[in-house]
Protein chains: 4
Amino acid sequence: MKVAPDPSRRSHASRRAILAAALDLVGEVGYTKLSIEGIATAAGVGKQTIYRWWPSKGSLLFDAFLTLAGDEQDGATAGLPDTGDLETDLKLVLRTTVAELNDPRYDLPMRALHTEIVHDPALAADYAKRLDEPMRELKKERLRAAQRAGQLAEDANLDVAVDLLFGPILNRWLQRTGPLTPEYAGQVVETALRGLRPREP
Amino acid sequence: MKVAPDPSRRSHASRRAILAAALDLVGEVGYTKLSIEGIATAAGVGKQTIYRWWPSKGSLLFDAFLTLAGDEQDGATAGLPDTGDLETDLKLVLRTTVAELNDPRYDLPMRALHTEIVHDPALAADYAKRLDEPMRELKKERLRAAQRAGQLAEDANLDVAVDLLFGPILNRWLQRTGPLTPEYAGQVVETALRGLRPREP
Amino acid sequence: MKVAPDPSRRSHASRRAILAAALDLVGEVGYTKLSIEGIATAAGVGKQTIYRWWPSKGSLLFDAFLTLAGDEQDGATAGLPDTGDLETDLKLVLRTTVAELNDPRYDLPMRALHTEIVHDPALAADYAKRLDEPMRELKKERLRAAQRAGQLAEDANLDVAVDLLFGPILNRWLQRTGPLTPEYAGQVVETALRGLRPREP
Amino acid sequence: MKVAPDPSRRSHASRRAILAAALDLVGEVGYTKLSIEGIATAAGVGKQTIYRWWPSKGSLLFDAFLTLAGDEQDGATAGLPDTGDLETDLKLVLRTTVAELNDPRYDLPMRALHTEIVHDPALAADYAKRLDEPMRELKKERLRAAQRAGQLAEDANLDVAVDLLFGPILNRWLQRTGPLTPEYAGQVVETALRGLRPREP
DNA sequence: TAATAATCGAGACGGTACGTCGCGTCTTGCA
DNA sequence: TGCAAGACGCGACGTACCGTCTCGATTATTA
C-alpha cells in the first residue's frame, strides 16, 4: 500500500531547484521535449524526488507557475487598478496580459501548463480553484465597483463579462489565429463595453 | 536522398483506416496515450505508411478531424442560419457549438488537435487558413447581414465580434473553469450583443 | 569523520531480527531479489542498522548462515563419526551433506552465500578461515585416524582427499549437472577410496 | 500477447557487438557491476535489442561464453589427448584447465556465468546439455580408452570419475579455499587414480 | 536520578539500473 | 513502387534499491 510521504522532512532546496529547473527547461526546449528526467538532471536531483512529491508533470508545472506568478506579482492580490474610469483600467489590464503572454519567459511555461490542464480534469479543478477563481474574483470586484459607479449594467453577469474580456485574448494567443497586440486588447475592451448593438437612437 | 512519395499511388484504403483509427484511438485512450505505433496497429498498417504521408501527429489529427467534420456538417459551407433575428441565430449557433464540444465523440479529438495547434505554429497556420478562416468568414458574413439590417453597429470590428462570441465558450470548454451549458451560451450572446454599458438614459 | 560503532550498545533484538529476516527472505524470494531494503523492512529495522554492523550483503548472509548452522549442528564441533570403518563413516557424512543441500531451508541461503563468496575474495578468506578450515580440520582428523588404522595410504595428501570427497557433491549441487542423491554420495566415497586404477593382480 | 521475434531479420553485427561487449565488460567491471545498460552502451546498441533476443543476463553470458569457447578451442571437439598414458594425459588436461581458470580473460566471465547457472535452473539445464555434457562425453571417451587399455577399473562409474577429477579444481577455484596451481592439479589426478586406500600388500 | 551520548526506527535524498514503450529510420519480401 | 511487418538506435518512462544522510524517540551508561 502506497503511503503519502512526510512533508515535514521535505528538502526545500530540492523543491526550489526542481521548480526553477522546470521553468527554465520548458522555456528552453518547449513542452514537447520537456521530460521529468531532464528536469531532475537540471535540478541536480534524483527522479524519485520528483515522483515523490508531484503526482504528474502537470502538477509540477502548476507549482512552478505559482512560484513564477507569486515571485513577481503577488501585489496582484491588491486588486485591479481603479482610476474611476473602467475602460482605461480594463485596457491597462488586458494590455498587461497581452504583454505577459507575448513575453518569452511566460509564453512556453503557460502553454505547457495550459496543455496539462486541458487533458487533466483534476489539475483543471486545482487550477480553477487556486488560480482562476482568485484572479477572477479580483476582476469581478473591479466590475462591481464599476456597477456602483454606474459604468456597468446593474444586471450584467460578471462571470460572463470576465470571460468576454479575457476569452478572446487567451484564444488568439493559444491558437495564433491573429496577431496578439495591445491594439487588439483595446478593441476587445471597447467592443465588449460598448456592446455590439447599434446605439439607441 | 529523400524523394517525395507519389500521391497517385497512395492507398486510399490505408488512408481511411489510419484516419479512422486515429479518431477511434484518441477517443478511447486520450491524447496523452495516443501513439503513432498504436494508430498503425489499430489501422492494420505499417508505421512507414503514416510517416510517409503525414509530417507530424498533429497534421494527422488535423486530417482526421477534417474527415470527422466533413462527414457530418459539410452543409456548414452553406453558411450560418439567418432568420433575420441575429440574437436568435447566434444563440442557435453557439448552443450547437456547445453541444458539439460536450459530445464525447468530438471532445477528445478536438482537445488533441487543439494541443497540437498550441505547440506547433506551422500546424496553427494550417489550421487558421483551412478551418478557422473559412468558418470565421461565414460568421462574419452573418454579422455583415446584421449590420445591413441595422442590428449591429456599423463600425463594429467583426473579427473582434466573432472572438467575443466564441472565445469565452472555447476557453470554458478547454479549461473547465465552469459548466459549459446552453444557458451559458445564451448569456454570452446576450451580453455581447447588449453590451456591458448601462443603457443610454 | 567516521567512527566505529560501539558494539556494547548494540541491540541484540535487532541483530537477531535481521539475521532471521535475511534467512527467511532469501528462502522466499531467492538471492536475486534479496535486498537490504527488504531485509530491513521485514526485520522492522532501519536500513542504517544493517549498514552500521555489516560491511556487505555477503557478510550479513555469512552471519545469518553461521546462526543457522550454529543452531542446529553445533555438535559438529564434536568431530566426524568414527565407527572404525572409514567408508561407512564417510558415506554417512556425505549422505548427510547431500540431505542438507537438498533441504529447502538450506538450499537458497547456501546458494546465496556461495555466490557472495565467489565474487568477494575478502569474504572468501573469511569463509575459508571461519567455516571451511575448522570443518576441514575435523574431516582431516577423521582421515588421520584412518591412516593410523591402516585404512588410508600413509602418504595421501589429506587436503586433496577432502576435496576429492566433497568437491564432486558441491559441484553437482551448484550446477545441477545431475541428480544429487545418497547413491551418488556413496559412489563418490567408494570411487575415491578404492581409486580408479584396476586392482593389483 | 508476446510473440517471438523473427530470427531471420536479426542483425548479426549487433549480436556480435553485444556478445563481445558483454565479455569485455564482465572482465573489466566484474559480475556485480555488469549491467544490461552498460553492455548496450558499450556495444553501441539499444537496450531493446538485447531484451528482444535474450531472456536473461545469464543466457546472454552463456552465449558470450560459447563464443569465447568456440573461437579458441573448437578443436576441443577433437577429443582429449591420448598418448597411451592416462595419468600424463589427465595431468595435461587438468593443468590446462587450471591455467584457463587462472587466466584473467576467463576468470571473471566464468564466475559470472557460474553464478547465473547456480541461480537459474533453466539456464543450468541449458548449460548441462550444451556445454557440460559434450565436454563430459569427451572426457568419458578418454577414460573408456583407458579401461580398454587396462589402466582403469572396468567397473568404474565414469561420470563419478569425471566429477572426482574436475570437481575439486572447480571448487577450489570458486571458493578460493586454497591456491589453484598445476601441482594441485597433479595431486588430484594422482590421488584420484591411485585411490586413497593403501596398496594391497 | 538526571544528564548525556549512542543506537534505533523511519525514511528522504542523489544516484544507477531496471524492463517497457514509443519514436522515427531502415530493410525485407509480398502485391 | 507502395505496402505490412517489424528490427534497429535512441530516449524517456516510472519503479526498485543502493548507500548516505538527517530526524526525533528510545535506551543505557556515566556524572
Side-chain angles (χ1 to χ4, degrees), chain A residues 2-3 5-11 13-14 17 33-41 43-53 56-57, chain B residues 2-3 5-11 13-14 17 33-41 43-53 55-57, chain C residues 2-3 5-11 13-15 17 33-41 43-53 55-57, chain D residues 2-3 5-11 13-14 17 32-41 43-53 56-57:
Chain A
K2 195 75 144 273
V3 286
D6 176 356
S8 75
R9 315 201 53 181
R10 184 164 189 180
S11 156
S14 292
K33 316 242 149 174
L34 184 69
S35 66
I36 300 279
E37 197 135 346
I39 295 170
T41 302
V45 140
K47 278 199 285 181
Q48 201 58 46
T49 302
I50 297 181
Y51 286 109
R52 180 153 37 228
W53 300 110
S56 67
K57 195 155 71 178
Chain B
K2 193 76 146 272
V3 285
D6 177 356
S8 74
R9 310 203 55 167
R10 182 167 191 181
S11 156
S14 290
K33 317 244 152 180
L34 184 69
S35 68
I36 301 279
E37 202 136 337
I39 295 170
T41 303
V45 137
K47 281 201 287 178
Q48 199 58 36
T49 304
I50 297 182
Y51 286 109
R52 191 171 2 228
W53 299 111
S56 67
K57 194 156 73 179
Chain C
K2 191 76 144 275
V3 286
D6 177 355
S8 75
R9 312 203 54 165
R10 182 167 188 182
S11 157
S14 290
R15 195 191 112 97
K33 316 245 150 175
L34 184 71
S35 67
I36 300 278
E37 202 136 337
I39 294 170
T41 304
V45 137
K47 282 200 288 178
Q48 196 64 259
T49 304
I50 296 181
Y51 286 108
R52 187 163 18 235
W53 299 110
S56 68
K57 194 158 71 178
Chain D
K2 194 76 143 273
V3 287
D6 177 355
S8 75
R9 316 201 54 179
R10 183 165 189 180
S11 158
S14 291
T32 351
K33 316 242 150 173
L34 184 69
S35 67
I36 300 278
E37 197 135 345
I39 295 170
T41 303
V45 140
K47 278 199 285 181
Q48 200 59 44
T49 302
I50 297 182
Y51 286 108
R52 181 153 37 227
W53 299 110
S56 68
K57 196 158 68 179

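First the proteins, then the strands, lettered A, B, ... as listed; each starts at 1. Everything quoted here is computed from the prediction, not taken from an experiment.
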Requested in this report: Quickly work out the A:Ile50 CD1 to E:dG15 C1' distance and round it to whole Å.
Outcome: 13 Å

Query raised in the report: Taking five pairs at each end of the helix from E:dT1-F:dA31 to E:dA31-F:dT1, what angle separates the two helix axes (nearest 10°)?
Result: 10°

Report summary line: Of all heavy-atom pairs linking C:Pro7 and C:Pro5, the shortest is CD-O, 3.2 Å

**Report entry** Minimum heavy-atom distance between D:Ala43 and D:Ala17, given as atom pair plus value
**Finding:** CB-O, 3.5 Å

Query raised in the report: Which atom names give the shortest non-hydrogen contact between C:Lys57 and C:Leu34, and what distance separates them?
Result: NZ-O, 3.1 Å

Query raised in the report: Can you tell if the side chain of C:Trp53 reaches within under 4.5 Å of the side chain of C:Arg15, non-hydrogen atoms only?
Result: no

Report summary line: On a heavy-atom basis, the closest approach of C:Thr49 and C:Ser14 is CG2-CB, 4.4 Å

Query raised in the report: How far does OG of A:Ser56 sit from CD1 of A:Ile36, to the nearest 0.5 angstrom?
Result: 8.0 Å

**Report entry** Shortest non-hydrogen separation from D:Ala40 to D:Gly46 and the atoms involved
**Finding:** CB-C, 4.2 Å

Report task. Just jot down the side chain to side chain donor-acceptor pair (under 3.5 Å) partners of D:Gln48, sequence neighbours excluded, or say none. Result -> none

**Report entry** Per-nucleotide protein contact string for nucleotides 6-12 of chain F (B base, S sugar-phosphate only, - none; heavy atom under 4.0 Å)
**Finding:** SBBSB-B

Report summary line: When C:Tyr51 and A:Lys57 are each assigned the nearest nucleotide of DNA chain F, the 5'-most assignment goes to A:Lys57

